[in-house]
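All residue numbers refer to positions in the sequence shown, counting from 1. Numbering of ligands and ligand atoms starts at 1, following listing order.
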Amino acid sequence: MFGLMQKHSLLISDLIEFAQLNHADTEIISRRVEKDIHRTTWAQVAHRSKQIAHALDAAAVATGERVATLAWNGYRHLELYFGVSGSGRVLHTLNPRLHVDQMTWIINHAEDHVLCFDMSFAPIVAQIQSRCPTVKHWIALCDAQTLAQSPEVSECVPYESWIAPHSEEYIWPELDENTASSLCYTSGTTGHPKGALYSHRSTVLHAFGIALPDVMNFSAKDSVLPVVPMFHVNAWGIPYAAAMVGVKLVLPGPALDGESVYELIEQEKVTFAAGVPTVWQMLLNHVTPKGLRFKHLKRTVIGGSACPPSMISAFKNNFGVEVLHAWGMTELSPLGSLCTLKNKHLNWSEDEQMALLVKQGRTIFGVEMKIVGDQGQTQPHDGKTFGDLYVKGPWVIERYFKDPHTALKDGWFATGDVATIDAEGFMLITDRSKDVIKSGGEWISSIELENIAVAHPGVAMAACIGMPHPKWDERPVVVVVKRPEFDLSKEALLNFYHDKVAKWQIPDDVIFVDSIPLGATGKMLKTRIREMLVDYRLPD
Ligand code: AMP
């Protein structure tokens with residue numbers, strides 16, 4: 001017997017309709033590529049997303065065809081999020097930090113039909129235009145006057161002129177909720193990138209999930225700043241959850257330096273922000289020496305790579321800002337877990353609470369987790385036993401775009417991360433499986449060793465990798481960028497480890513470098529660090 005409730009599809013167009021109807025005058029603030037601050041509202045975003053839908057109809061872009069974006073976080077990008085997916089096309093967000101060859105490969109693989117770009121990416125577009133034959137429409141995210149000042153790109157249409165002739169009213173199609181809505185390629189370190197193709201259903205369910213109180217806890221009273229780019233897993237789904245709840249959105253554009261982000265947080269009374277640790281480090285580096293304060297900021301989600309405990313305590317103790325450590329990946333839309341305390345933890349000591357808060361946290365309804373050992377056995381949730389982390393759920397990938405093979409093993413997706421899970425469900429990522437350091441048959445967590453290094457006041461950034469060793473198989477070494485004002489020696493840093501980890505886990509060496517290579521999503525590129533150290537030999 002079936003239930004007797006309405007079979008109403010979960011659609012992205014419903015999110016923007018809801019925001020238009022219920023939060024019409026709530027503001028969307030953007031720092032534009034043009035550097036000025038632009039103010040609009042959910043009602044205006046809805047109107048213009050409908051104009052986009054008309055423009056795509058007029059250009060005969062079929063349902064399911066890909067519309068790519070090469071854009072920062074801004075209102076036009078937001079309008080495309082709803083106009084493209086809402087009208088049944090697939091929004092394909094491109095990462096502008098990729099090499100042009102890789103970007104061209106992705107565009108051709110995705111067979112993008114339209115490509116919309118911010119003017120700061122005009123030089124990239126000029127390089128790829130002749131190499132992307134499937135792209136029939138190049139839309140410059142600006143007005144005609146601005147486009148005219150960029151002669152390097154040809155045959156482009158200014159966005160404002162593209163949408164202007166069209167009506168602000170549009171009847172959204174009643175799509176099946178499993179219709180594809182958006183596409184995002186993973187920043188794989190080996191082989192070609194792979195596409196995660198999200199559906200309307202997975203996107204809306206994910207938005208419900210992230211808005212929950214023990215997750216991002218969004219409210220219509222919040223002013224939300226996603227510093228995480230809209231080209232990286234849809235800014236962690238925040239734009240969709242923002243429309244669902246009717247928050248004020250603050251979009252930082254290309255200015256991600258500490259000073260610009262701080263200015264926006266204060267001016268727009270941001271209560272909630274989200275980003276990767278590297279961006280928050282830049283923010284802390286700006287505010288700490290100047291003695292600045294956050295007047296409104298209450299919570300910040302930090303994820304994408306491990307958030308060092310020193311960053312969590314700096315935000316909490318020096319600024320009264322709660323850090324929510326989150327874990328996820330492109331294949332998970334992206335959120336898998338987030339760290340918030342349970343009621344029973346509230347009377348724990350600060351140190352005990354901190355020991356929990358540094359973990360990647362509890363899974364949320366919608367993602368099931370298990371850890372699996374070397375022999376394929378499911379590992380206990382005892383907070384000590386390591387295992388490969390597997391997940392499943394309605395917003396977890398089943399297979400990659402254009403790949404006929406399943407990405408699952410017995411219904412579970414192997415994340416490639418290694419983790420422990422405790423009896424309370426708190427998960428701790430110890431490594432990527434390929435980054436695990438195995439010394440004398442024992443696993444050493446590179447993340448733990450990196451966290452200790454960056455807690456030293458003389459360290460700006462640290463990466464820990466395993467180096468081949470004739471007896472122990474591998475031994476850890478830590479690659480460090482020093483803070484310029486600090487005279488840090490190798491011995492001092494190694495001493496710093498002494499009371500923090502077992503003796504055999506202390507790195508064998510410290511290698512000082514000027515910079516650590518970062519990937520397109522701001523994560524340390526360990527493959528490149530290993531390449532840098534091909535001739536390196538461990539000390540005797
Ligand atoms: P991406 O698909 O590019 O977002 O990368 C996903 C990967 O980033 C995960 O599989 C993890 O290896 C890593 N990652 C994401 N969040 C965290 C976190 N909070 N701590 C440690 N690693 C993380």
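Ion pairing between K392 and D410 fails under the 4.0 Å rule for side-chain N and carboxylate O.
On a distance-only criterion, A306 and ligand 1 share at least one N/O pair closer than 3.5 Å. The distance criterion of under 3.5 Å between nitrogen or oxygen atoms is not met by I429 with respect to ligand 1. Every N/O-N/O distance between T186 and ligand 1 stays at or above 3.5 Å. For the pair K523 and ligand 1, the shortest N or O to N or O distance falls below 3.5 Å.
Counting only residues at least two apart or in different chains, salt bridge (Lys or Arg N to Asp or Glu O under 4.0 Å) contacts with residues 296-324 comprise D222-R299, K316-E350.
Side-chain atoms of I12 and F82, non-hydrogen and from C-beta on, do get closer than 4.5 Å to each other. With a 4.5 Å cut-off on side-chain heavy atoms, S181 and L91 do not count as touching.
The residue among G336, S305, G361, S433 with a heavy atom at the shortest distance from atom 23 (C) of ligand 1 is S305.
Atoms of ligand 1 lying under 4.0 Å from any heavy atom of Q360, numbered from 1 in the order shown and given with element: 18 (C), 19 (N), 20 (N), 21 (C). Close approach of ligand 1 to A326 (heavy-atom distance below 4.0 Å) involves ligand atoms 16 (N), 18 (C), 19 (N). Near R432, with a cut-off below 4.0 Å to any heavy atom, the atoms of ligand 1 are 9 (C), 10 (O), 12 (O). Taking every heavy atom of T330 and a limit of under 4.0 angstrom, the matching atoms of ligand 1 come to 1 (P), 2 (O), 3 (O), 4 (O).
Checking W504 against S439 by side-chain atom types alone, no donor-acceptor pair falls below 3.5 Å.
Each of R362, K359, K342 was scored for a salt bridge (charged side-chain N to carboxylate O under 4.0 Å, His left out) with E424, with one residue passing: K342.
With a 6.0 Å radius and a threshold of 12 heavy atoms from other residues, nucleotides or ligands, F512 has its CZ atom above the threshold.
At least one heavy atom of G304 sits closer than 4.0 Å to an atom of ligand 1.
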